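Everything on this sheet refers to the single structure shown next.
None of the values given here were measured: they were computed from a predicted structure. Numbering of ligands and ligand atoms starts at 1, following listing order.
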Amino acid sequence: KVVAVIMVGGPTKGTRFRPLSFNTPKPLFPLAGQPMVHHPISACKRIPNLAQIILIGFYEEREFALYVSSISNELKVPVRYLKEDKPHGSAGGIYYFRDMIMEDNPSHIFLLNCDVCCNFPLPDMLEAHKKYGGMGTMLVIKVSAESAHQFGELVADPITNELLHYTEKPETFVSNLINCGVYVFTPEIFTAIQDVSTHREDRANLRRVSSLEALQSATSRTFPTDFVRLDQDILSPLAGKKQLYTYETMDFWEQIKTPGMSLKCSALYLAQFRLTTPHILAGGDGIKSAMIIGDVYIHPSAKVHPTAKIGPNVSISANVRVGAGVRLISCIILDDVEIKAEGDYNAKLGITILGEAVTVEDEVVVINSIVLPNKTLNVSVQEEIIL
Ligand code: GDD
């Protein structure tokens, strides 16, 4: 059996995403018409012998309740959300819920960051991992040398793929091979996390019996014993010990930390739908509606006027109304938005994210902007974040 765990973080973590996640927790923000976390979840469905999918975070349970129950029914795999009482770090979080994760006695555990966008080649990673025979295998990708410092940089053996060296977001360049935030582990990972905690406890006890001031000041810099980071506390020390291996993807991969990245990732997922499930894209059902250009997702409950021109890279959520002659390019339109257009000039939106229940009056042009929920736009805006 295999269990998949998706780390969704919590409200304090997604601050860079802030303008967009007032109403929706970041993991549920729509990309290509589906909640961000839906993409890794549906990738998990392709893992052979998958017993359950667990989301771990510190958002309130009620924020995920509806989504988790509907996706469980849809996929016919149990999906549940477990809330940490406080952040335990990316490794501490799975350790905290180890009894639930080990419930089905899985041989392997997938661990996925929810804020990455890729095609999640999970079955291939599992195959590679079984061949390598270590405790864990991580998905890695080559990026430009300029952008590598934003990620965990690593060195891998070109023949065996063993992880030889790992540094999290280093100040000086190490390598343009980086950690994608997607892993498969054997249950031994729990022992490795336990060892970090025990080691910390031992050091803390040592300090308590020592009166050296220098050691005491070090105490204030250490983390609580139950806060363990996967990258710094596990990957770095275990590199080069024949326990961790890498699997390089040649496909797309992006990290979704900023609102701007959500538009790029929405386009990537729409393009993926074009290859895998073209019928969910607008125009794929053969029903004559608005003029569709490129990859577009329109929720079945949305009402789009037949004279509107939509695309490429547009995703329209539930209960949106788009009026006559409206032009939409590269947009994410959230629930209940109304874009009116009845005048001579029609509303036009380019590279824009509209929050829930926004109203755009006719003759308004919105370009390169993010509009927060419940606003009414009656003047044109460009390069603006409307709070
Ligand atoms: N439940 C829970 N609890 N989730 C957490 C916690 C926690 O205490 N801390 C972080 N997360 C989640 C985040 O929501 C995110 O999905 C994932 O764990 C990793 O977050 P961070 O630890 O903040 O790291 P990062 O996103 O800056 O970088 C990591 O991912 C990159 C790939 O996207 C690192 O592993 C990098 O090396 C890697 O390149």
Side-chain angles (χ1 to χ4, degrees), residues 4-18 21 25-29 35-37 39-41 53-61 63-64 80-98 100-101 110-118 120 136 138-144 147-156 163 165-171 174-183 185 193 196-197 223-236 238-239 244 246 248-249 252-258 261-262 264-265:
V5 177
I6 303 178
M7 299 306 274
V8 299
T12 55
K13 276 270 161 181
T15 43
R16 278 198 281 164
F17 211 72
R18 214 17 169 324
S21 44
K26 175 178 157 180
L28 297 181
F29 187 80
M36 185 184 293
V37 71
H39 301 279
I41 288 180
I53 301 173
I54 299 178
L55 312 186
I56 298 181
F58 42 98
Y59 291 99
E60 292 306 321
E61 271 111 350
E63 306 221 62
F64 282 86
R80 48 181 174 162
Y81 173 74
L82 301 178
K83 180 181 183 285
E84 293 169 87
D85 52 350
K86 58 168 192 193
H88 290 86
S90 40
I94 63 166
Y95 187 76
Y96 187 71
F97 289 117
R98 62 194 177 283
M100 267 101 139
I101 296 170
F110 274 94
L111 182 66
L112 289 76
N113 291 359
C114 92
D115 57 359
V116 298
C117 165
C118 64
F120 300 101
M138 60 198 283
L139 190 68
V140 303
I141 192 167
K142 282 203 185 82
V143 297
S144 70
S147 62
H149 68 276
Q150 308 164 40
F151 310 106
E153 296 183 15
L154 56 104
V155 180
L163 178 73
H165 178 77
Y166 185 92
T167 323
E168 182 61 22
K169 305 186 182 86
E171 274 169 28
V174 175
S175 159
N176 65 341
L177 199 57
I178 62 119
N179 171 9
C180 293
V182 178
Y183 317 82
F185 292 112
I193 304 171
V196 175
S197 298
F223 290 105
T225 53
D226 60 353
F227 186 91
V228 184
R229 299 158 304 173
L230 188 64
D231 18 53
Q232 290 99 321
D233 301 327
I234 306 281
L235 303 180
S236 288
L238 289 185
L244 297 173
T246 59
E248 186 178 343
T249 177
F252 67 96
W253 182 88
E254 297 289 344
Q255 194 186 38
I256 322 161
K257 294 286 188 203
T258 60
M261 279 311 294
S262 63
K264 181 166 187 189
C265 294

Pairs of nitrogen or oxygen atoms closer than 3.5 Å, one from [X] and one from ligand 1: do any exist?
{"X": "Ile178", "answer": "no"}
{"X": "Phe227", "answer": "no"}
{"X": "His88", "answer": "yes"}

How many angstroms lie between atom [atom1] of [X] and atom [atom2] of [Y], to the nearest 0.5 angstrom?
{"X": "His165", "Y": "Ser236", "atom1": "NE2", "atom2": "OG", "value": "7.0 Å"}
{"X": "Tyr81", "Y": "Ile53", "atom1": "OH", "atom2": "CD1", "value": "16.0 Å"}
{"X": "Leu82", "Y": "Leu55", "atom1": "CG", "atom2": "CG", "value": "8.0 Å"}
{"X": "Lys169", "Y": "His149", "atom1": "NZ", "atom2": "NE2", "value": "10.5 Å"}

Please list, in number order, the atoms of ligand 1 under 4.0 Å from a heavy atom of [X].
{"X": "Gly57", "answer": "1 (N)"}
{"X": "Val8", "answer": "14 (O)"}
{"X": "Glu168", "answer": "28 (O), 34 (C), 36 (C), 37 (O)"}
{"X": "Tyr166", "answer": "37 (O)"}
{"X": "Glu84", "answer": "1 (N), 2 (C), 3 (N), 7 (C)"}
{"X": "Ile56", "answer": "1 (N)"}
{"X": "Cys114", "answer": "16 (O)"}

Look at ligand 1 and say whether [X] reaches it with a heavy atom at a distance under 4.0 Å.
{"X": "Tyr59", "value": "no"}
{"X": "Gly152", "value": "yes"}
{"X": "Lys257", "value": "yes"}

Would you mind telling me if ligand 1 is within reach of the side chain of [X], the backbone, both or neither, using heavy atoms under 4.0 Å?
{"X": "Asp231", "result": "side chain"}
{"X": "Phe58", "result": "side chain"}
{"X": "Gln255", "result": "side chain"}
{"X": "Tyr96", "result": "neither"}
{"X": "Phe97", "result": "neither"}
{"X": "Tyr183", "result": "side chain"}

Does Phe110 form a ring pair (Phe, Tyr, Trp, His ring centres under 6.0 Å) with Tyr183? I'd like the steps, not just the answer. CA-CA 6 Å; Phe110 274 94; Tyr183 317 82; over 10 Å; no

Check [X] against [Y] and note the closest heavy-atom contact, atom names and distance.
{"X": "Ile56", "Y": "Gly93", "result": "CD1-O, 3.8 Å"}
{"X": "Gly89", "Y": "Phe227", "result": "N-CE1, 3.3 Å"}
{"X": "Tyr59", "Y": "Val8", "result": "CE1-O, 3.4 Å"}

Which of Leu154, Ile178, Asn179 passes side-chain contact (heavy atoms from CB on, under 4.5 Å) with Val140? It is Leu154

Among [options], closest by any non-hydrogen atom to [atom]:
{"atom": "atom 24 (O) of ligand 1", "options": "Arg229, Lys169, Glu254", "answer": "Lys169"}
{"atom": "atom 19 (C) of ligand 1", "options": "Asn113, Val228, Val116", "answer": "Asn113"}
{"atom": "atom 13 (C) of ligand 1", "options": "Cys180, Pro87, Gly9", "answer": "Gly9"}

Exercise. Should Asp226 and Lys86 count as an ion pair when the cut-off is N to O under 4.0 Å?
Worked result: yes

* Give a yes or no on whether the ring-centroid distance for Phe151 and Trp253 is below 6.0 angstrom. => yes

Fill in: Pair Leu112-Met7, side-chain contact (heavy atoms from CB on, under 4.5 Å): steps then yes or no
CA-CA 6 Å; Leu112 289 76; Met7 299 306 274; over 6 Å; no

Is the number of heavy atoms from other residues, nucleotides or ligands within 6.0 Å of NZ (Lys264) greater than 12?
no

